[in-house]
A.B. asks: 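Okay, handing you the structure first.
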Amino acid sequence: LRLAGADIDMSSRVHRKVYVRHPENIKIGKRVMVPASIDMAGMGKIEIGDDSLIGASVRFLTNHHPLDDDSLTRDQQRMGTQQHITVGKNCWIMNNVLLVAGKNGLTIGDNVWIAAGSIVTKDIESNVLVGASLQKLLKN
């Protein structure tokens with residue numbers, strides 16, 4: 001991935017079975033662990049901060065389809081726009097989490113834990129534990 005243009009610190013470990021379509025849009029900080037079965041298509045930019053841990057089967061969805069925008073043709077709506085996903089430092093994104101950038105991108109603060117199976121569609125402030133498909137604040 002580094003040879004293909006991804007910016008990955010040498011202290012980080014990314015499994016060879018991570019799905020990446022646009023490595024030039026990927027930036028991974030220091031001491032980050034990314035296991036197999038991760039989908040980081042990276043059509044929009046994806047950045048993961050230092051000391052973060054990504055669980056198995058996490059998906060980073062950077063594409064937004066503005067189906068309610070009547071100024072766009074149907075093909076333009078289907079093609080969509082690319083947004084950014086930023087994960088802060090010292091985060092733990094547990095197994096089977098879906099990160100959806102949506103219309104304005106997605107930012108996850110520092111020291112955030114996201115429970116397994118969560119669907120994240122809104123920005124998350126630093127120093128919290130969130131979980132569930134409704135992204136409820138579990139601990140502050």
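None of these values were measured; they are calculated from a predicted model.
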A.B. asks: Whether the side chain of S37 engages the backbone of V18 through a donor-acceptor N/O pair (distance < 3.5 Å, no angle test) should be reported.
C.D. replies: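 The answer is no, because no donor-acceptor pair under 3.5 Å joins these two groups.
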A.B. asks: Any sub-3.5 Å donor-acceptor pair from H22's side-chain atoms to E24's backbone N or O?
C.D. replies: no
A.B. asks: Report yes if some heavy atom in the side chain of I108 is under 4.5 Å from a heavy atom in the side chain of T86; otherwise report no.
C.D. replies: no
A.B. asks: Verify whether one side chain among D9 and S11 offers a donor that lies under 3.5 Å from an acceptor in the other.
C.D. replies: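 On atom types as modelled, these side chains qualify, holding a pair under 3.5 Å.
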A.B. asks: Just verifying a value: how many Å separate I93 CD1 and I124 CD1, rounded to the nearest 0.5 Å?
C.D. replies: 8.0 Å
A.B. asks: Just how far is it from atom CE of M94 to atom CG of L53, taken to the nearest 0.5 Å?
C.D. replies: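 Those atoms lie 9.0 Å apart.
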A.B. asks: Compare every heavy atom of G109 with every heavy atom of C91, then report the nearest pair and how far apart it is.
C.D. replies: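 In this case the closest contact between C91 and G109 is SG-O, 3.1 Å.
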A.B. asks: Please determine whether side chain to side chain contact (heavy atoms under 4.5 Å, CB included) holds for the pair V120 and L98, giving the CA-CA distance in whole Å, both sets of side-chain angles, and the decisive distance to 0.1 Å.
C.D. replies: CA-CA 6 Å; V120 180; L98 183 61; over 6 Å; no
A.B. asks: Which residue pairs pass the ring pair (Phe, Tyr, Trp, His ring centres under 6.0 Å) test when at least one of the two sits in residues 80-109, sequence neighbours left out?
C.D. replies: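 Every pair satisfying ring pair (Phe, Tyr, Trp, His ring centres under 6.0 Å) with a residue in residues 80-109: W92-W113.
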A.B. asks: Could you check whether any side-chain heavy atom of N25 comes within less than 4.5 Å of a side-chain heavy atom of I46, counting everything from C-beta outward?
C.D. replies: no
A.B. asks: Check this for me: does any side-chain nitrogen of one of D51 and R31 sit under 4.0 Å from a carboxylate oxygen of the other?
C.D. replies: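 Here D51 pairs with R31 in a salt bridge, since their nearest N and O are under 4.0 Å apart.
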A.B. asks: Using every non-hydrogen atom in the two residues, find where S118 and A115 come nearest and quote the distance to one decimal.
C.D. replies: OG-O, 2.7 Å
A.B. asks: Looking only at heavy atoms, what is the nearest atom pair of G117 and V97, with distance?
C.D. replies: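 Taking G117 first and V97 second, the nearest heavy atoms are N-CG2, 4.1 Å.
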A.B. asks: Looking at Q83 and A101, what are the two nearest heavy atoms and their distance?
C.D. replies: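 Scanning both residues, the minimum pair turns out to be CB-CB, 3.7 Å.
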A.B. asks: Under the side-chain contact (heavy atoms from CB on, under 4.5 Å) test against L99, which residue among I114, I119, T121, L61 passes?
C.D. replies: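 Of all the options given, the one that passes is I114.
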A.B. asks: CG of D123 to OG1 of T107: how many Å apart, nearest 0.5 Å?
C.D. replies: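 With rounding to 0.5 Å, CG (D123) is 4.5 Å from OG1 (T107).
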A.B. asks: Heavy-atom distance under 4.5 Å between the side chains of V87 and S52, does that happen here?
C.D. replies: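 With C-beta onward as the side chain, the pair touches.
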A.B. asks: Spell out, as yes or no, whether a donor-acceptor pair under 3.5 Å connects the side chain of N95 to the backbone of G55.
C.D. replies: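 Looks like no, no N/O pair under 3.5 Å.
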A.B. asks: What's the shortest heavy-atom distance between I8 and S12, and which atoms?
C.D. replies: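 Answer, listing the atom of I8 first, then S12: CG2-CB, 4.0 Å.
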A.B. asks: Which heavy-atom pair separates Q82 from G44 by the least distance, and what is that distance?
C.D. replies: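 Where Q82 meets G44 most closely, the heavy atoms are OE1-N, 3.5 Å.
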A.B. asks: Are R59 and D39 close enough for a salt bridge, meaning some N to O gap below 4.0 Å?
C.D. replies: yes
A.B. asks: Could you check whether any side-chain heavy atom of F60 comes within less than 4.5 Å of a side-chain heavy atom of L106, counting everything from C-beta outward?
C.D. replies: no
A.B. asks: Is the shortest side-chain heavy-atom distance between I54 and I38 below 4.5 Å?
C.D. replies: yes
A.B. asks: Decide yes or no for I26 and M40: does some side-chain heavy atom of the first lie under 4.5 Å from some side-chain heavy atom of the second?
C.D. replies: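 Yes, close enough: below the 4.5 Å cut-off.
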A.B. asks: Test side chain to side chain contact (heavy atoms under 4.5 Å, CB included) on M10 and R2 and set out the steps.
C.D. replies: CA-CA 9 Å; M10 293 303 288; R2 288 180 185 99; 3.4 Å; yes
A.B. asks: Answer yes if the side chains of N90 and D110 hold a donor-acceptor pair under 3.5 Å, and no otherwise.
C.D. replies: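 N90 vs D110: no donor-acceptor pair found between side chains.
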A.B. asks: Is K45 close to K27 at the side-chain level, that is, under 4.5 Å between some pair of heavy atoms?
C.D. replies: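 Contact flag for K27/K45 side chains = no.
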A.B. asks: Do side-chain atoms of D50 reach the backbone of K89 as a donor and acceptor pair under 3.5 angstrom?
C.D. replies: no
